[in-house]
Amino acid sequence: MLIMDFLYQAKHALAAIDGARHILLVSHRKPDGDTLGAATAMMQVLDARKKSYTAFCEDAPGPIWSFLPKIESFITTVDRAPHSAIDLVIFFDASDIPYSGFDRHLGVFAKRPMLLQFDHHRTNLYFADVNVVLPEAASTTEVLWRFFEACNIAIDRNIATCLLTGAVTDTTAFTNPATTASSLQCAAACLLRGARFPEVLRETMRNKERADLQLWGRMLARLTKSGTVDCAVTVVTRRDVEEFGSDEESLEGIANFLNNLGETKAVLIVKELDGGKIKGSFRTTRSDVDVGKLALAFGGGGHRKAAGFTIEGKLVETEEGWKIE
Ligand SMILES: [Mn+2]
């Protein structure tokens, strides 16, 4: 997006916020540090501007996010929102409305509210009336930081901590290829405003539990190289997940960790699901590999750096290793 276009959208966004009667803030389902950091930062700005709002997320934010100021404000059922008063809905970190989990709730408004979004996904559909979208940004909180700066909105220590959280989590603490001069600039600005960096790092990166690491250990021990494509493969069974009480978040963690492997161009995690199904998740950090195409070969799809597929089958351990039957 051109600078002029960004400033134009930012100006309209600020006018929409200041003119709204009641604002609904939407963080996407299965919320991460970016969508929650952005929404909680905005909540504090709205408090300072004496605006009334409700924050909604289809899935309740997990306990690891309790360090974010205002995180307790989220509701998970729209029935509790004051629909007749809501005239502006703001989406954070969602490339389209279905991804936000809000598509089925749009019908409940008697009068269609204005839609505003802050996002950084390259796949963004520009679905809102005002789209503050910067595809080159590493996180939505970086987009929001640019918006606050452009509108001369004061950023205090708590707001800075929320903005930094999205910058840290979406770049895996400034180590993945999304990290740019601009994302580091955003982080530096947050630190200058007093953001609690050690706390953000501790709560988002050093938060693994023993059971998670033990499951990782089992998955790491099973790591093999595919015979057909330049890809490392590991498997996780339903029994493993039950035994260690693992959730999606801990499996997400190992997928990111396996991206540290330099030997192969991509990694594949094969996970056994309920009902005789198998889910495969491809990851890569390389720009010369498109795992979306690999997933397509299995009837799935996704993006260049993360993609997946689901097929019928179950995991069986044989003498030559794990097989899908
Ligand atoms: Mn994001």
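Each ligand, and each atom within it, is numbered from 1 in the order the structure gives. Please read these numbers as outputs of a predicted model, since none were measured by experiment.
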### Under-2.8 Å neighbours of the Mn ion (ligand 1), protein N/O/S atoms only
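Protein heteroatoms (N, O, S) closer than 2.8 Å to the Mn ion (ligand 1) number 4.
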[X]-[Y] side chain donor-acceptor pair, cut-off 3.5 Å:
X: Asn124; Y: Ser95; result: no
X: Glu136; Y: His120; result: no
X: His303; Y: Thr123; result: no

Residues in salt bridge (charged side-chain N to carboxylate O under 4.0 Å, His left out) contact with [X], at least two apart in sequence or another chain:
X: Lys305; result: none
X: Arg304; result: Asp290
X: Arg21; result: none

